[in-house]
**Student:** 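What follows is a single structure, and I will ask about it in a moment.
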Amino acid sequence: MNPLSGVLDEAWRMYKKFAAHLLAIAFVIYLGAAIIAGLLALAGTVGFWLGFVVAIVAAFLLQATLVKAVQDVRDGRADLSISETVSAALPYIWPVAGASILAGIGIAIGLFLLIVPGLFLITIWAVIVPVIVIERSAVLACFGRSRELVRGRGWHVFGTLVLVYLIMVGVNIVLGLIFRALPHVLGSGLSAIISGTLISPFLALVVTLVYYQQPPPGDSGSGYGQPSQDGGSGYGQPPQDGGGGYGQPSQDGGGFRQPPQDGGGGYGQPP
């Protein structure tokens with residue numbers, strides 16, 4: 001069975017169940033960024049560009065915050081308040097920013113050259129933000145980890161992203177028609193805030209659920225980024241058996257531990 005089957009359905013169910021919580025997070029961040037950017041724009045050209053930077057940083061913060069929110073509500077309830085969720089996401093804002101900028105550059109180059117390489121990169125880097133927020137991955141390491149999670153399921157991930165993109169386009173078209181009668185600046189501003197508030201949580205749900213439904217290929221147990229089933233180590237952590245890792249001194253005086261010789265893969269590798 002395709003591990004991505006039901007992602008959109010599950011995302012929609014969670015979206016409806018936690019709409020008030022998720023939409024409030026998105027709205028607060030979008031509105032706060034819009035107010036700050038608008039006030040800065042009153043200072044002239046320099047203020048306008050400072051406001052643009054604020055909006056970009058807010059977008060990165062929103063990505064990290066929504067992934068943290070989805071991680072929080074997966075147990076069926078929202079344990080963190082809006083402020084607590086934002087605070088929990090703050091340490092990841094710069095790694096998310098760095099990874100997003102690098103991914104954006106790579107994808108833009110790929111799309112400019114032949115389009116197909118760009119679509120390929122969009123697919124294999126689909127879960128870099130959940131990898132950073134949930135696994136606390138470093139900026140460069142998140143790209144390889146995302147590709148590892150998507151490997152063997154690329155077409156399913158790509159198809160899911162295409163459907164989400166079509167949904168986003170449809171929502172933007174409808175909102176554009178609704179605010180068409182308003183002055184351009186006001187209409188475009190309201191449309192951006194409302195569409196971002198409505199769409200961003202759903203996109204975060206889809207991407208994060210794709211992450212959770214992507215165990216390392218061939219690994220039937222809990223892998224990186226998956227909760228362990230024995231109540232032991234958390235996301236992406238090696239088992240806490242008291243011994244050292246491979247190549248580390250063991251605690252029983254038996255010398256250095258070696259990888260298993262039974263043909264199975266090492267930690268985090270498929271058997």
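Throughout, numbering of the chain's residues begins at 1 and tracks the sequence. Just so we're clear, the structure is a prediction, and the values are computed from it rather than from any experiment.
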**Student:** Quick one: pull up CD in Q71 and CG in L66 and give me the separation to the nearest 0.5 Å.
**Tutor:** 13.0 Å
**Student:** Are I194 and L62 linked, directly or through other ILVMFWY residues, by side chains that come within less than 4.5 angstrom of each other?
**Tutor:** yes
**Student:** Ignoring hydrogens, what is the shortest heavy-atom contact between L23 and P201? Give both atom names and the distance.
**Tutor:** CD2-CG, 3.9 Å
**Student:** When you look at CD1 of I115, are more than 12 heavy atoms from neighbouring residues, nucleotides or ligands closer to it than 6.0 Å?
**Tutor:** no
**Student:** For M14 and V73, which heavy atoms make the closest approach, and how far apart are they?
**Tutor:** CE-CG2, 3.6 Å
**Student:** Could you walk me through whether L102 and L140 pass the side chain to side chain contact (heavy atoms under 4.5 Å, CB included) test, one step at a time?
**Tutor:** CA-CA 9 Å; L102 290 176; L140 296 180; 4.0 Å; yes
**Student:** For the atom pair CZ (F158) and OH (Y165), what is the distance rounded to the nearest 0.5 Å?
**Tutor:** 11.0 Å
**Student:** Do E135 and Y211 get their side chains close enough for a donor-acceptor pair, meaning under 3.5 Å?
**Tutor:** yes
**Student:** Take I199 and N172 through the side chain to side chain contact (heavy atoms under 4.5 Å, CB included) test and state the conclusion after the steps.
**Tutor:** CA-CA 9 Å; I199 293 172; N172 283 321; 4.1 Å; yes
**Student:** Could you tell me which non-hydrogen atom of G98 sits nearest to which non-hydrogen atom of V139, and how far apart they are?
**Tutor:** C-CG1, 4.0 Å
**Student:** Okay, side chain of E148, backbone of R145: is any donor-acceptor separation there less than 3.5 Å?
**Tutor:** no
**Student:** Are any side-chain N or O atoms of D72 and backbone N or O atoms of L80, one a donor and one an acceptor, separated by less than 3.5 Å?
**Tutor:** yes
**Student:** Are V67 and V207 side-chain neighbours, meaning at least one heavy-atom pair lies under 4.5 Å?
**Tutor:** no
**Student:** Which heavy-atom pair separates A88 from P91 by the least distance, and what is that distance?
**Tutor:** O-CD, 3.4 Å
**Student:** Who pairs with F27 by side chain to side chain contact (heavy atoms under 4.5 Å, CB included), at least two apart in sequence or on another chain?
**Tutor:** L31, I193, T197
**Student:** Same hydrophobic cluster for L166 and M168, using side-chain heavy-atom links shorter than 4.5 Å among ILVMFWY?
**Tutor:** yes
**Student:** Please tell me if the side chains of T65 and I29 come closer than 4.5 Å, counting only heavy atoms from C-beta onward.
**Tutor:** yes
**Student:** Shared ILVMFWY cluster between F48 and I56, side chains joined below 4.5 angstrom?
**Tutor:** yes
**Student:** Answer whether the closest heavy-atom distance between the side chains of F120 and I107 falls below 4.5 Å.
**Tutor:** no
**Student:** Do the non-hydrogen side-chain atoms of Y212 and I134 ever get within less than 4.5 Å of each other?
**Tutor:** yes
**Student:** Do any N or O atoms from the side chain of S146 and from the backbone of I124 form a donor-acceptor pair under 3.5 angstrom?
**Tutor:** yes
**Student:** What orientation do W49 and F52 show, parallel under 30°, tilted 30 to 60°, or perpendicular over 60°?
**Tutor:** perpendicular
**Student:** Measuring from I93:CD1 to Q63:CD, what's the distance to the nearest 0.5 Å?
**Tutor:** 10.0 Å
**Student:** In terms of side-chain heavy atoms, does S200 have a donor or acceptor partner in Y30 at a distance below 3.5 Å?
**Tutor:** yes
**Student:** Can you confirm whether L205 sits close enough to F18 that some side-chain heavy atom of one is under 4.5 Å from a side-chain heavy atom of the other?
**Tutor:** no
**Student:** Let me check something: do I36 and V46 share a hydrophobic cluster, defined by ILVMFWY side-chain heavy atoms less than 4.5 Å apart, either directly or through other members?
**Tutor:** yes
**Student:** If the test is side chain to side chain contact (heavy atoms under 4.5 Å, CB included), which one of I132, V133, V96 qualifies with C142?
**Tutor:** I132
**Student:** Atom CH2 in W125, atom OG in S100: separation rounded to 0.5 Å?
**Tutor:** 11.5 Å
**Student:** Please round to the nearest 0.5 Å and tell me the distance separating atom NZ of K16 and atom CZ of F202.
**Tutor:** 11.0 Å
**Student:** Could you check whether any side-chain heavy atom of R153 comes within less than 4.5 Å of a side-chain heavy atom of Q213, counting everything from C-beta outward?
**Tutor:** no
**Student:** How close do A58 and A33 get, heavy atom to heavy atom, and via which atoms?
**Tutor:** CB-CB, 3.5 Å
**Student:** How long is the gap from CG on L39 to CG on L50, to the nearest 0.5 Å?
**Tutor:** 12.5 Å
**Student:** With clusters defined by side-chain heavy atoms of hydrophobic residues (ILVMFWY) lying less than 4.5 Å apart, directly or transitively, does L42 cluster with I35?
**Tutor:** yes
**Student:** How far apart are the closest heavy atoms of I128 and A103, and which atoms are they?
**Tutor:** CD1-CB, 3.9 Å
